[in-house]
Protein chains: 2
Amino acid sequence: MLKKERQAYILHQVNLHNKVVSATLSAEIAVSEDTIRRDLQELSETGKLVKVHGGALSAAFYDNPVIESNVYAQTDKQIIGNKAASLIKDGMFILTGGGTTILEFARCLPSTLKATFISGSIPAISEYMNHPNIEIIVLGDKLSKTSRITVGADAVNRIKNIKADLCILGINAIDTENGVTDNDWDVVQIKQQMIASSHKTICLTISEKINTVQPIHVCGLNKIDSLITELDPGNKLLKPFKDAGITIL
Amino acid sequence: MLKKERQAYILHQVNLHNKVVSATLSAEIAVSEDTIRRDLQELSETGKLVKVHGGALSAAFYDNPVIESNVYAQTDKQIIGNKAASLIKDGMFILTGGGTTILEFARCLPSTLKATFISGSIPAISEYMNHPNIEIIVLGDKLSKTSRITVGADAVNRIKNIKADLCILGINAIDTENGVTDNDWDVVQIKQQMIASSHKTICLTISEKINTVQPIHVCGLNKIDSLITELDPGNKLLKPFKDAGITIL
DNA sequence: GTGGATAATGCAGGTAATTGCAGGTTTATT
DNA sequence: AATAAACCTGCAATTACCTGCATTATCCAC
């Protein structure tokens with residue numbers, strides 16, 4: 001069998017069944033697994049499929065159009081994302097919410113990181129999926145169209161049964177008097193339970209949102225362990241929060 | 001044997017078998033392999049075939065997979081998606097799996113449709129989110145990286161508590177003897193429960209997968225109510241399934 | 001017919017591509 | 001942490017490829 005012919009066959013199989021296994025192909029075509037591996041390697045390099053341990057997956061199935069849209073204050077959020085990503089260690093269980101800041105955080109995670117992320121945010125989950133060593137637990141329930149995360153009693157109950165190392169939240173407003181506040185009742189229920197179910201809570205926000213208030217109370221400052229902004233930790237805007245016992249990063 | 005005559009013979013062979021091997025041709029026509037090579041070279045330059053290491057492939061055969069856009073057999077899948085979309089009525093509760101065929105189905109849904117979709121497939125959910133009037137229930141559990149849907153006991157149990165109007169599945173293989181078969185154990189558990197929890201089951205597949213078999217049994221033909229392919233319902237390839245009591249669309 | 005121009009073919013050699021195997025390393029899973 | 005499977009690297013053997021060049025076939029005008 002000719003090499004190109006063999007590769008065409010592999011491609012056909014992978015497009016037909018979404019995945020192929022090297023050992024199976026090797027037996028089917030009667031060539032060594034090394035040859036199959038080299039074929040998959042080549043096809044992978046030209047983007048025709050995606051190579052994984054033991055076989056390959058359909059490229060069409062794997063690539064999802066990453067919405068590289070105009071995120072507000074993106075560079076600031078990338079700074080925040082990098083700071084937050086440096087806190088995550090191998091083996092951790094992390095609860096995360098949604099929002100564009102969390103998305104940037106997800107993109108900043110190193111590909112070598114082996115951790116478990118628990119989230120109900122569909123965009124965030126899509127980002128976590130791009131990281132080969134991250135385990136993902138999806139929180140199921142009704143999907144809120146506006147926030148693109150799952151909300152409801154079911155999701156809250158599910159979080160109750162979890163004790164995570166970290167809870168990482170993008171927040172909408174924070175000030176010294178009211179603590180963390182938000183504007184979506186359903187989302188607040190989720191955030192509150194995430195905070196309650198984690199050993200440590202880390203809040204991410206761009207400095208613009210500091211000292212602003214929203215209608216619904218999420219939690220007091222005493223529940224927050226760390227606050228991450230794009231600013232230098234020594235910035236005087238952050239001093240009141242440092243004084244309240246929050247670690248500023 | 002004349003040169004033109006020889007080349008005509010080679011072309012005939014390549015169109016007949018989709019491939020030719022230099023060494024074989026050399027023996028058949030009793031000329032040196034160098035001559036065959038030169039012939040293939042010329043025919044390749046005029047686009048009559050595609051030269052590869054060791055021989056040549058039919059141009060038609062070789063071109064097809066190259067042109068492919070993001071989704072393999074996209075137009076076929078769009079035909080399927082449109083057929084399936086026409087079955088969905090306002091107010092319905094629909095369980096759906098994952099896969100590229102389901103993705104096309106999701107894109108074909110009219111924006112006016114008011115229905116509730118229940119799924120654990122992240123890419124499918126991302127598509128449903130684009131439809132303003134669709135309610136989405138996310139099935140939570142561990143996310144399988146290869147199939148991009150949630151799998152596990154939790155998701156299965158959650159489906160158990162649902163009674164949906166329709167179950168729409170993209171399937172990997174179907175034949176009259178073994179029914180529907182697949183290649184991922186976890187995904188099969190989900191599919192089986194989805195079928196059990198729905199009044200009607202509709203299977204989507206491109207005709208290429210008909211009469212193919214995969215290792216794991218999903219369900220017998222008796223569990224399927226409708227089968228949707230890109231083919232005309234009267235196509236004789238589908239007759240055995242029609243005879244088994246399945247509605248062909 | 002016949003000579004010369006042109007094209008086609010086969011062969012020699014050196015180069016490149018392909019493949020399977022041995023070994024040591026990495027990865028996934030229990 | 002152990003174990004089996006998958007992976008990678010380098011190597012050797014085989015096979016295909018290419019470049020000239022000599023030989024042979026074909027064609028065309030005379």
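- With sequence neighbours left out, A:Glu33 forms a salt bridge (Lys or Arg N to Asp or Glu O under 4.0 Å) with no residue at all.
- Each of B:Thr205, B:Leu227, B:Ile171 was checked for a side-chain contact (heavy atoms from CB on, under 4.5 Å) with B:Val180, and the lone residue meeting it is B:Ile171.
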Polar atom pairs between nucleotides 26-30 of chain C and protein, under 3.5 Å, N or O only, would you list them?
none

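- Taking five base pairs at each end of the helix from C:dG1-D:dC30 to C:dT30-D:dA1, the local helix axes there meet at an angle of 50°, rounded to 10°.
- Every residue was checked against the salt bridge (Lys or Arg N to Asp or Glu O under 4.0 Å) condition with B:Glu28, not counting sequence neighbours, and none meets it.
- A side-chain N or O of B:Ser144 and one of B:Thr146 form a donor-acceptor pair less than 3.5 Å apart.
- Partners of B:Asp39 under the salt bridge (Lys or Arg N to Asp or Glu O under 4.0 Å) rule, at least two apart in sequence or in another chain, are B:Arg6.
- Judged as a ring-ring contact (aromatic ring centres under 6.0 Å, His included), not a single pair has a partner in residues 9-39 of chain B (not counting sequence neighbours).
- Residue pairs meeting the ring-ring contact (aromatic ring centres under 6.0 Å, His included) criterion with at least one partner in residues 100-122 of chain A, sequence neighbours excluded, are A:Phe117-A:Tyr128.
- Side-chain atoms of A:Lys160 and A:Ser197 include no donor-acceptor pair closer than 3.5 Å.
- Shown here are the salt bridge (Lys or Arg N to Asp or Glu O under 4.0 Å) partners of B:Lys223, two or more places apart in sequence or in another chain: there are none.
- A side-chain donor from one of B:Asn172 and B:Asp182 sits under 3.5 Å from a side-chain acceptor of the other.
- Contacts of A:Gln189 classified as side chain to side chain contact (heavy atoms under 4.5 Å, CB included), with partners at least two apart in sequence or in another chain: A:Val156, A:Trp185, A:Gln192.
- A donor-acceptor contact closer than 3.5 angstrom is absent between the side chains of B:Thr201 and B:Ser198.
- Shown for residues 30-42 of chain A: residues whose heavy atoms fall under 4.0 angstrom of DNA chain C, namely A:Val31, A:Ser32, A:Asp34, A:Thr35, A:Arg38.
- Residues from residues 3-20 of chain B lying near DNA chain C, meaning a heavy-atom separation below 4.0 Å, are B:Lys3, B:Arg6 in numerical order.
- Along DNA chain D, read 5' to 3', the first and last nucleotides having any atom under 4.0 Å from a heavy atom of chain A are D:dA6 to D:dC8.
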